[in-house]
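Quick notes on the structure that follows.
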2 protein chains.
Amino acid sequence: MNRQFLLDKRPLGRDLEYTDFKLVDSDVPSPGDGEVLVQVMYLGVDPAMKGWMENRADYVAPLEIGDLMRGNGIGRVIESNHEKFPVGAVVSGGFGWQEYAVSDGKNIPLNPVPEGVPPTAPLSVLGITGLTAYFGFLEVGLPKEGDVVLISGAAGATGSVVGQLAKLKGCSKVVGIAGSKEKCDFLVNELGFDAAINYREEDQAARVKELCPDGIDVFFDNVGGEILDIALENISDNARVVICGGISRYNLAGDIPGPKNYFNLVFRRARMEGFIVLDYAPRFGEAIAYLAKHVAAGDIIAKETVMEGFEQMPNALMALFAGENIGKQLVHIAD
Amino acid sequence: MNRQFLLDKRPLGRDLEYTDFKLVDSDVPSPGDGEVLVQVMYLGVDPAMKGWMENRADYVAPLEIGDLMRGNGIGRVIESNHEKFPVGAVVSGGFGWQEYAVSDGKNIPLNPVPEGVPPTAPLSVLGITGLTAYFGFLEVGLPKEGDVVLISGAAGATGSVVGQLAKLKGCSKVVGIAGSKEKCDFLVNELGFDAAINYREEDQAARVKELCPDGIDVFFDNVGGEILDIALENISDNARVVICGGISRYNLAGDIPGPKNYFNLVFRRARMEGFIVLDYAPRFGEAIAYLAKHVAAGDIIAKETVMEGFEQMPNALMALFAGENIGKQLVHIAD
């Protein structure tokens, strides 16, 4: 049987629940001419999925109630009628939340896993979250040598890559904000951040001022809300505020307050800018090559948190919003 | 006698009052060697002056209680010990709120009024408000041919120039927001705006949607508050939101809400950016030459509203916040 999770309810303005998804059984599909059958080994989850479920994001095709949940995975070809993808090949693709997928290489584009990186890297550092870090930080954040960089959601799949890119690009101080001592220790001791702030236990506003006394040159925001206001209060002249996500906002209903300190953009002649990583699709190859090289060299650590078992998919997505993951949240489905 | 207005109280978080200024008499100063005595003919007022009075803006030297109010004027040299500025020369300079000023050309830099423009042009279209329009719109707003441009505070000294620059640059639709039918008629009939919205009588949100159905490419904001949120809701992909001012906010106390729709910057991969016109000082010459050429050619109309009499200075500044002016608010002091 092929287990699948379908969208059952839209979690608009509230926390996700397991029952927003419907677990169904269907037959394992048979590959036709020119097709392969892939057994999914890992699936990744991403905060943007909640937006898709809510049908809020207009830059992706709508996800309807009853549709297979969308998502990227890594799988192994177990039947093949396609010469490019023999049985045993490990490939990444947009398989959706299911255990088996059929692809002709076009309806679900299949990509071989690059050499020298962990097989799950295409779901994390070489996947959408790593590409988001790459283009958001480098193309929107425009870091310069010597910059002071602040990152919210720094222990997440994107934030953790942003901080490592900042060090590679010669930024002088990289400060991450995360929600536990374990995460903060990880950022400083394993990823090479210069400092980390545990927002659950420390006074974020005081610590940001203390750690960035000359101001923040690039703020990379995955969180929104209070930390965005704190950062805006502490930007330096010509700062770049990159709006990547707003996970603190995704579960709120009604009118969610905006950043009251936005006017400091004037006094500091600074910029706040959003982006959609898919706009950079023509340049994904360049980014993947750069990131893969640095992962292979050990300059970038692709941290992952893995849950076990297909039925954990909803819990894995919920874990993101509870801040339980370090690095990319994956679910291991089959060997 | 030389009448002067000194700062007497800081109007922080409240409306300006006449008694925030102290009118004093002093002797008319005598010019020394290398100095001239200027009789001030016109003074201009600008919303930023309230920020100076509050000591809120950190990009200008603080204005202390008892200091002469700062401001630019046009005057005539009536005594001269400086060969470059003979008696009778009309000059612009930062004379402050007083009827007579002494300058050696350095403590208050003096500039001759360019040929072919009205003598008050250095206070309006060739002064800080015109320069603000020039650099804010062209360098931060980055208009392209065919762009849809929305301007709040469009009948003010800066907004009215932005709209005319937009037409000169080939923007396809220029919409201004202003506070009276008279102002809206002026924008459309005299300045060549494509449309205007009277925010006191019309439903701004509905009208913006109606007039900009394909989205706003450049929003030039002098007002802040509700209109900023409306604009953010209606930006097009890759839009530029130029934060020039926030006159709706200047009289409010406490925590003033930020733009709740800021996250649309992500969905629309757009940018919100502030600027300080003084940062462009090295390029003022280029801007003044461009603007003077177009004023002389009649392509840019430098509209002014003039009050009569030095004692009106506080009222002129208050009139800005009441939205009474069209174009630059000036005070006529002497012929």
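Labels below follow one simple rule: chain letters A, B, ... track the order of the sequence lines, proteins then strands, and each chain is numbered from 1.
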Drop me the distance from [X]'s [atom1] to [Y]'s [atom2], to the nearest 0.5 angstrom.
{"X": "B/R240", "Y": "A/E273", "atom1": "CZ", "atom2": "CD", "value": "10.5 Å"}
{"X": "A/D237", "Y": "B/I276", "atom1": "CG", "atom2": "CD1", "value": "8.5 Å"}
{"X": "B/R268", "Y": "A/F275", "atom1": "CZ", "atom2": "CZ", "value": "15.0 Å"}
{"X": "B/I256", "Y": "A/N261", "atom1": "CD1", "atom2": "CG", "value": "10.0 Å"}

Interface moiety of A/N264 toward chain B, non-hydrogen atoms closer than 4.5 Å: neither
Part of A/L228 lying under 4.5 Å from any heavy atom of chain B: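 Answer is side chain: those atoms of A/L228 sit under 4.5 Å from chain B.
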Chi angles and distances behind the side chain to side chain contact (heavy atoms under 4.5 Å, CB included) call for A/M272, B/L265: CA-CA 8 Å; A/M272 180 153 89; B/L265 294 174; 4.0 Å; yes
Smallest separation among heavy atoms of A/P259 and B/Y262, with atom names: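 Looking at all heavy atoms of both residues, the shortest contact is CD-CD2, 3.4 Å.
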Which atom of A/F263 lies closest to which atom of B/I243, heavy atoms considered: CE1-CG2, 3.8 Å
Heavy-atom neighbours of A/E64 CD exceed 12 at 6.0 Å: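 Count over threshold, so yes.
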